[in-house]
**Q** 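One structure, as structure tokens, below. Some questions next.
These numbers come from the heavy atoms of this one structure, side chains and all, not from hydrogens, waters or symmetry mates. Just follow the structure's listing: the first ligand is 1, and inside any ligand the first atom is 1. The shown structure was predicted, so the numbers you read here are calculated from the model rather than taken from an experiment.
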Amino acid sequence: METKTFDCIILGAGAAGLHCAATAAKRGKSVLVLDHAKQAGKKILISGGGRCNFTNMYTAPDNFLSANPHFCKSALSRYTQWDFIAQVSRYGIAYHEKTLGQLFCDDSAKQIVRMLLDECAEHGARVQLRTNVTDVSFDGQEYQLDTSQGTYNAKSVVVATGGLSMPKLGATAFGFKLAEQFGHSIQPVRAGLVPFTLHDSDKAQFEPLAGTACDVIAASDRASFKEAMLFTHRGVSGPAILQVSSYWQPGESVHINLMPDADAFEALKASKQQQPKMGLKAWLSQHIAKRLVSILLEREKWPQKNLADYSHAELSSIAECLHNWSLKPNGTEGYRTAEVTLGGVNVDEVSSKTMQSKLQPGLYFIGEVLDVTGWLGGYNFQWAWSSAWVCGESV
Ligand SMILES: Cc1cc2nc3c(=O)[nH]c(=O)nc-3n(C[C@H](O)[C@H](O)[C@H](O)COP(=O)(O)OP(=O)(O)OC[C@H]3O[C@@H](n4cnc5c(N)ncnc54)[C@H](O)[C@@H]3O)c2cc1C
């Protein structure tokens, strides 16, 4: 007869769920992973343009957002990026650093999913897909899970159902609802690492720029990022914008430094002396993306004359705008395109050492369902691996 009782049932066969399953099974625990999707690790498969940015060499607690910024420290230090890199290397998966410590597979994200599933199979963790969980109850000793495939029992349940981003990939609010059922509070959730949309007038003005990328520093009141910005048909995106979106609050402006590697005022004064007959438009075309120049001139209503004819005060004001160009988003593209969900299960009610609930014995939360969100660049997967491992060592 089929075994229906397990030491541990893990809900969600994503990054965190699979890594936790293998870790617990390695310790001799009987483990069942349940997922409603037809395929395990769907987000891993599409991540990093199909090459999965599986970690970041410089992962540190500062790269994460949470109402309690200390919570992630223990797990990140006990299972580090180097531990996961060692596993990837053991499996012979070739990888490279793309930029800023971001490690990608040379070949395909499928190799990461294959590795996680192989680890589960090798240690006897069972992964069961196409299973809807309809009810979870606790009788004081054991959990009972009613599902579309029957009823299962376990001493512990690990919630690894992720956040709300990309519902078409199977994201649901299940983990948050289950947390609330057992008395947990949820830090308000919103889309993170997400493109901005623009007000209609800005959108119409910037539409011709769609596809234009420029290196900038994008800043909110709380953080700034030096990376590329990309104009899109709907607004602005690119790594610098995605990063700053996680720190942005509705109604705020984003400040863009369009000349992050130079002092625009000094450069304008020098050009005024050396090439006094050069027009502002020609000068701007040498320093920022050409397609942005006309739109900037029109928006900012700068007089168009030779550099020699500008006063220092005028040049200073132009330079100030180039270094601190203010853009007011209308909103974000939301969960449809967001890479992550900010907020989640309140980490003050969860042990940072084991990921076990402080309110409900035998209930654990790992990965993105928790109120821990990483920057763009492999940090979110590292949080999934680290939180999963400490949990797998404890269940
Ligand atoms: C397009 C995209 C690209 C990304 N690229 C990167 C990247 O390159 N690097 C990086 O670090 N991060 C990246 N991320 C973020 C990263 O994918 C997530 O942070 C990470 O997958 C979270 O892992 P998790 O296991 O907590 O959740 P997930 O990987 O989302 O897994 C959750 C699992 O739970 C299942 N589930 C949900 N609801 C239910 C339910 N009701 N019943 C049963 N099962 C359920 C889902 O089907 C899914 O399999 C990307 C995200 C997206 C959307």
Side-chain angles (χ1 to χ4, degrees), residues 9-21 32-56 59 63-64 81 84 95 98 101-105 109 112-113 116-117 127-136 145-149 157-178 191-195 237 239 242 246 333-342 344-345 355 364-388 391:
I9 294 181
I10 298 173
L11 302 176
L18 294 175
H19 197 51
C20 181
L32 172 67
V33 185
L34 298 176
D35 201 301
H36 64 165
K38 290 184 201 139
Q39 204 179 12
K42 275 192 185 174
K43 276 195 191 161
I44 303 174
L45 292 171
I46 60 149
S47 68
R51 289 214 163 88
C52 185
N53 177 195
F54 56 82
T55 192
N56 192 296
T59 303
N63 307 120
F64 295 84
Q81 57 273 39
F84 193 75
Y95 61 87
K98 197 166 169 192
Q102 302 167 8
L103 300 188
F104 286 73
C105 299
I112 299 290
V113 176
L116 296 169
L117 289 173
V127 179
Q128 183 175 302
L129 304 173
R130 300 169 194 259
T131 305
N132 289 312
V133 181
T134 49
D135 188 56
V136 179
L145 283 82
D146 296 330
T147 80
S148 54
Q149 307 293 328
V157 168
V158 180
V159 184
T161 45
L164 297 174
S165 46
M166 300 229 169
K168 68 170 192 252
L169 292 178
T172 69
F174 182 88
F176 304 134
K177 288 189 186 138
L178 192 63
L193 299 181
V194 63
S237 184
L242 297 181
S246 294
E333 289 188 8
Y335 293 121
R336 189 179 60 81
T337 60
E339 281 202 13
V340 285
T341 301
L342 292 151
V345 175
M355 303 295 139
Y364 295 75
F365 298 94
I366 57 173
E368 204 181 310
V369 75
L370 284 164
D371 172 28
V372 176
T373 307
W375 288 1
L376 185 80
Y379 302 100
N380 284 294
F381 279 135
Q382 187 56 44
W383 172 245
W385 317 135
S386 295
S387 57
C391 176

**Q** Checking a contact table here: which protein heavy atom is nearest atom 1 (C) of ligand 1, and how many Å away?
**A**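 Nearest neighbour among protein heavy atoms for atom 1 (C) of ligand 1, to 0.1 Å: Ile46 CD1, 3.3 Å.
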
**Q** Under 4.0 Å from a heavy atom of Asn53: give me the atoms of ligand 1 that qualify, with their elements.
**A**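 Those atoms are 7 (C), 8 (O), 9 (N), 10 (C), 11 (O).
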
**Q** Students should be able to answer this: which protein heavy-atom is nearest to atom 36 (N) of ligand 1, and at what distance?
**A**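 Closest protein heavy atom to atom 36 (N) of ligand 1: His36 NE2, 3.6 Å.
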
**Q** Is the closest side-chain heavy-atom distance between Thr161 and Leu178 below 4.5 Å?
**A**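 No, every pair of side-chain atoms sits at 4.5 Å or beyond.
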
**Q** Quick one: nearest non-hydrogen protein atom to atom 48 (C) of ligand 1, plus distance?
**A**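 Going atom by atom, the protein heavy atom closest to atom 48 (C) of ligand 1 ends up being Asp35 OD2, 3.4 Å.
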
**Q** Below 4.0 angstrom from a heavy atom of Gly367, which ligand 1 atoms are there? Numbered from 1 as shown, please.
**A**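 Every atom of ligand 1 under 4.0 Å from some heavy atom of Gly367: 26 (O).
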
**Q** Against heavy atoms of Gly162, which atoms of ligand 1 measure under 4.0 Å?
**A**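 In order of number, 26 (O), 27 (O), 32 (C).
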
**Q** Of the protein's non-hydrogen atoms, which lies at the shortest distance from atom 11 (O) of ligand 1, and what is that distance?
**A**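 Atom 11 (O) of ligand 1 sits closest to the protein heavy atom Phe381 N, 2.8 Å.
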
**Q** Only heavy atoms of Gly378, strictly under 4.0 Å: list the atoms of ligand 1 that pass.
**A**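 Ligand 1 atoms under the 4.0 Å threshold to Gly378: 9 (N), 10 (C), 11 (O).
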
**Q** In the protein, what heavy atom is nearest to atom 4 (C) of ligand 1, and what distance, to one decimal place, separates them?
**A**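 Looking at atom 4 (C) of ligand 1, the protein heavy atom closest to it is Glu339 OE1, 3.5 Å.
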
**Q** Near Gly170, which atoms of ligand 1 are under 4.0 Å from a heavy atom of that residue?
**A**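 What qualifies from ligand 1 is 37 (C), 38 (N), 46 (C), 47 (O).
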
**Q** Should the proximity of Met166 to ligand 1, defined as any heavy atom under 4.0 Å, be assigned to the side chain, the backbone, both, or neither?
**A**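 Just the side chain.
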
